[in-house]
Colleague: 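Structure below; questions to follow.
Chain letters run A, B, ... following the sequence lines, proteins first, then strands; residues in each count from 1.
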There are 2 protein chains.
Amino acid sequence: MSERTPAEASRDIPEATVARLPLYLRALTALADAGTARCSSEDLAAAAGVTSSKLRKDLSYLGSYGTRGVGYEVEFLRHQIAREIGQTQDHHVVIVGIGNLGQALASFSGFRSRGFRVVALLDAAPARQGDEVAGLVVRPFEDLAAVVAEHRVTIAVVATPAHAAQDVADALVAAGVRNILNFAPTVLSVPDDVDVRKVDLSIELQILAYHEQRKASAEVEEPDMERGLA
Amino acid sequence: MSERTPAEASRDIPEATVARLPLYLRALTALADAGTARCSSEDLAAAAGVTSSKLRKDLSYLGSYGTRGVGYEVEFLRHQIAREIGQTQDHHVVIVGIGNLGQALASFSGFRSRGFRVVALLDAAPARQGDEVAGLVVRPFEDLAAVVAEHRVTIAVVATPAHAAQDVADALVAAGVRNILNFAPTVLSVPDDVDVRKVDLSIELQILAYHEQRKASAEVEEPDMERGLA
DNA sequence: TAGATTGTTAATCGATTAACAATC
DNA sequence: TAGATTGTTAATCGATTAACAATC
């Protein structure tokens with residue numbers, strides 16, 4: 001491992017913390033919008049839905065941006081976190097697979113407001129090409145390399161059927177895209193330097209179903225909490 | 001804690017394992033479809049995208065369903081996992097908020113094939129009520145309690161704007177729904193016996209953006225991997 | 001100063017991993 | 001039996017939590 005200059009040191013931040021930083025950013029934005037200038041770790045933790053202990057531990061990886069006995073300046077902390085997670089610059093996104101889900105993602109306003117610009121929609125089906133979705137024309141999948149190069153795409157969203165996803169991923173990697181958000185219910189093989197995050201809707205429901213089953217059977221066994229061990 | 005009968009013992013399975021069981025189930029289904037009758041932990045792990053060590057550890061929480069020196073019977077193991085996660089029965093789902101995302105979720109075929117039946121679509125906006133989406137008519141949100149009772153709904157999907165999500169969650173809890181999949185970018189407060197899983201599309205992109213930023217700056221610092229420490 | 005709240009420490013907990021004895 | 005592969009153990013790693021010294 002080579003050393004880093006102190007400026008961009010940003011010592012290794014644990015993955016669990018990285019995953020929560022956007023949550024804090026959102027809570028801070030809400031506080032700022034509400035006109036709050038300063039908050040305690042307790043306030044911010046409540047707004048983000050975590051414990052204050054966890055929040056302070058997370059923030060400690062970024063630096064020392066609060067004031068003991070006082071709290072955090074909302075706008076200042078917001079800016080520090082935004083910088084840390086690269087929110088200060090725009091990211092160009094391509095969506096591949098413009099079915100129901102792809103269309104919904106293309107229309108999703110939450111991306112734009114967080115610095116993500118959807119620059120192209122691609123689909124392999126000629127029937128969909130030429131359609132206009134969310135102000136963009138659906139282009140042939142073959143345009144991928146050109147689109148990536150032209151718009152400096154850094155993130156791709158895969159919303160194709162499972163059987164097409166690996167081929168799409170291979171093409172994305174070949175085109176130089178190293179960050180993929182995968183909605184296709186399949187495992188993608190990619191080189192080590194490519195990050196894949198997976199959103200699997202069925203699996204989320206299956207996890208809930210597992211918990212529901214346990215709750216239901218617990219109720220049958222203990223119809224009355226007062227009963228004790230009889 | 002009360003004791004459980006051995007039959008439904010299902011000793012506490014770690015959450016991380018629960019989250020992977022659907023992955024194994026999917027991999028086993030694919031193997032069965034391909035006509036494979038038996039597989040090793042190595043085979044199955046590869047198909048599910050995990051290490052064989054992790055797979056065996058996970059399966060050990062369910063019981064001892066393999067044969068040393070031989071491997072696992074695909075169909076038998078598939079059935080055991082399906083039973084464990086409650087896949088053997090249907091779950092009734094209501095979707096609240098029928099915008100772009102809600103429509104896409106309503107049309108998503110992956111739910112149905114895994115035992116999830118979307119029984120109703122609800123939206124507070126009169127303009128959407130009466131629309132037909134994926135073969136269902138969009139009903140007023142006020143119908144919630146009636147729908148839950150009538151169809152024995154156990155899982156709700158919230159796809160409303162953030163500002164409406166907490167009110168929707170409160171109504172769901174009041175109606176007796178104890179499992180919520182939340183797509184609204186907001187923290188939901190619910191009682192302890194209610195499970196909420198969150199899918200946050202912007203946050204997924206933000207996490208990727210963080211990693212992208214680190215990759216990009218690493219390249220600037222080390223333009224040539226061969227250069228060494230100079 | 002006294003009261004408040006951060007940043008950090010140390011303990012605990014849960015998840016992952018590698019190795020191998022059990023056993024087909 | 002010899003070879004293969006599971007199921008389990010023990011070590012390691014990473015994340016969470018509670019407590020409190022530092023300090024505004």
Side-chain angles (χ1 to χ4, degrees), chain A residues 1 9-24 27-28 31 36-74 76-78 80-81 84 192 207 210-211, chain B residues 1 9-24 27-28 31 36-78 80-81 84 192 203 207 210-211:
Chain A
M1 287 296 131
S10 119
R11 36 258 157 280
D12 262 342
I13 297 179
E15 266 306 301
T17 297
V18 170
R20 281 188 296 264
L21 291 180
L23 224 52
Y24 303 152
L28 286 164
L31 286 172
T36 309
R38 178 184 292 165
C39 67
S40 68
S41 63
E42 202 65 56
D43 299 335
L44 182 53
V50 301
T51 64
S52 65
S53 189
K54 192 185 275 185
L55 171 75
R56 289 198 302 278
K57 182 83 171 137
D58 283 341
L59 293 184
S60 76
Y61 293 110
L62 310 193
S64 188
Y65 296 136
T67 307
R68 290 171 199 237
V70 178
Y72 303 92
E73 297 295 323
V74 169
F76 176 71
L77 183 58
R78 200 198 61 72
Q80 297 303 328
I81 296 180
E84 188 70 41
D192 279 351
I207 294 169
Y210 171 81
H211 291 304
Chain B
M1 287 298 133
S10 117
R11 34 258 157 285
D12 262 343
I13 298 178
E15 265 307 301
T17 297
V18 169
R20 282 188 295 264
L21 291 179
L23 224 53
Y24 303 152
L28 285 164
L31 286 172
T36 309
R38 179 182 292 166
C39 67
S40 68
S41 63
E42 202 65 56
D43 298 336
L44 182 53
V50 302
T51 63
S52 65
S53 189
K54 192 184 277 185
L55 171 75
R56 290 198 302 278
K57 182 82 171 138
D58 284 341
L59 294 184
S60 76
Y61 292 110
L62 309 194
S64 190
Y65 295 136
T67 307
R68 290 170 200 238
V70 178
Y72 303 92
E73 296 295 325
V74 170
E75 187 46 47
F76 176 71
L77 183 58
R78 199 198 62 71
Q80 296 304 327
I81 296 180
E84 187 70 43
D192 279 352
I203 286 185
I207 294 169
Y210 171 80
H211 291 303

Colleague: Asp12(B) CG to dA15(C) P: how many Å, rounded?
Modeller: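 Whole-Å distance recorded here is 11 Å.
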Colleague: Could you check whether any side-chain heavy atom of Arg56(A) comes within less than 4.5 Å of a side-chain heavy atom of Ser60(A), counting everything from C-beta outward?
Modeller: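 No; the side chains remain at least 4.5 Å from each other.
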Colleague: Polar atom pairs between nucleotides 20-22 of chain C and protein, under 3.5 Å, N or O only, would you list them?
Modeller:
from, atom 1, to, atom 2, distance (Å)
dA22(C), N3, Arg68(B), NH1, 2.9

Colleague: Can you tell me the distance, in whole Å, between the CG atom of Leu55(A) and the P atom of dG7(C)?
Modeller: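 Answer to the nearest Å: 10 Å.
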Colleague: To the nearest 0.5 angstrom, please state how far the OG atom of Ser41(B) sits from the CG atom of Asp58(B).
Modeller: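 Separation between the atoms: 11.5 Å.
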Colleague: Nearest-Å distance, CG (Leu62(B)) to C1' (dT8(D))?
Modeller: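 Spelled out: CG on Leu62(B) to C1' on dT8(D) is 15 Å.
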Colleague: I want to check one thing: is the phosphate of dT16(C), taken as OP1 and OP2, less than 4.0 Å away from some side-chain N or O of Arg20(B)?
Modeller: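 Yes, because at least one side-chain N or O of Arg20(B) sits under 4.0 Å from OP1 or OP2 of dT16(C).
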Colleague: Using whole Å, report how far CD of Glu15(B) lies from P of dA15(D).
Modeller: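 The distance from CD of Glu15(B) to P of dA15(D) comes to 17 Å, rounded to the nearest Å.
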Colleague: Whom does dG14(C) pair with, Watson-Crick or G-U wobble, provided both distances fall under 3.5 Å?
Modeller: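 When the pairing criteria are applied, dC13(D) turns out to be the nucleotide that pairs with dG14(C).
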Colleague: Find the distance Ile13(A):CD1 to dA15(D):C1' and express it as a whole number of Å.
Modeller: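 Computing the Ile13(A):CD1 to dA15(D):C1' distance gives 15 Å.
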Colleague: Let me know the distance between CD of Glu73(B) and P of dC24(C), rounded to the nearest Å.
Modeller: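 In whole Å, dC24(C) P and Glu73(B) CD are 15 Å from each other.
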Colleague: Nearest to the Ser53(B) side chain among dA18(C), dA18(D), dT9(D), which nucleotide is it?
Modeller: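 For the Ser53(B) side chain, the nearest candidate turns out to be dA18(C).
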Colleague: Would a 4.5 Å heavy-atom cut-off, applied to side chains only, mark Tyr210(B) and Glu84(A) as touching?
Modeller: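 Yes; the side chains approach each other to less than 4.5 Å.
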Colleague: Rounded to the nearest 0.5 Å, what's the gap from CG on Leu28(A) to CG on Leu23(A)? Could you check?
Modeller: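 Separation between the atoms: 10.5 Å.
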Colleague: Taking the side chain as everything from C-beta on, heavy atoms only, tell me whether Tyr65(A) gets closer than 4.5 Å to Leu59(A).
Modeller: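 No, side chains not in contact.
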Colleague: Between OH of Tyr72(B) and CG of Leu77(B), what distance do you get to the nearest 0.5 Å?
Modeller: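 One finds 7.0 Å between OH of Tyr72(B) and CG of Leu77(B).
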Colleague: Apply side chain to side chain contact (heavy atoms under 4.5 Å, CB included) to residues Leu62(B) and Leu21(B) and explain how you reach the verdict.
Modeller: CA-CA 10 Å; Leu62(B) 309 194; Leu21(B) 291 179; 4.1 Å; yes
Colleague: Partner of dG7(C) by Watson-Crick or G-U wobble geometry, both contacts under 3.5 Å, or none?
Modeller: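 Across any shown strand, dG7(C) pairs with dC20(D).
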Colleague: Write down the distance between CG (Leu77(A)) and C1' (dT5(C)), rounded to a whole number of angstrom.
Modeller: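 The distance from CG of Leu77(A) to C1' of dT5(C) comes to 15 Å, rounded to the nearest Å.
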Colleague: Within the pair Ser64(A) and dG7(C), is there a side-chain N or O less than 4.0 Å away from OP1 or OP2?
Modeller: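 Yes, within the criterion.
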Colleague: Taking 4.0 Å as the cut-off, does a side-chain nitrogen or oxygen of Tyr61(B) come that near to OP1 or OP2 on dG14(C)?
Modeller: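 Tyr61(B) to dG14(C) OP1/OP2: no side-chain N or O under 4.0 Å.
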Colleague: For dT6(D), take OP1 and OP2 only and decide whether either is under 4.0 Å from a side-chain N or O of Ser41(B).
Modeller: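 The answer is yes; a side-chain N or O of Ser41(B) sits under 4.0 Å from OP1 or OP2.
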Colleague: How close or far is atom C1' of dA15(D) from atom NZ of Lys57(A), stated in whole angstroms?
Modeller: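 Whole-Å distance recorded here is 9 Å.
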Colleague: Select from Lys54(A) and Val70(A) the residue whose nearest nucleotide in DNA chain D is closer to the 5' end of that strand.
Modeller: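 Per heavy-atom nearest nucleotide, the more 5' residue is Lys54(A).
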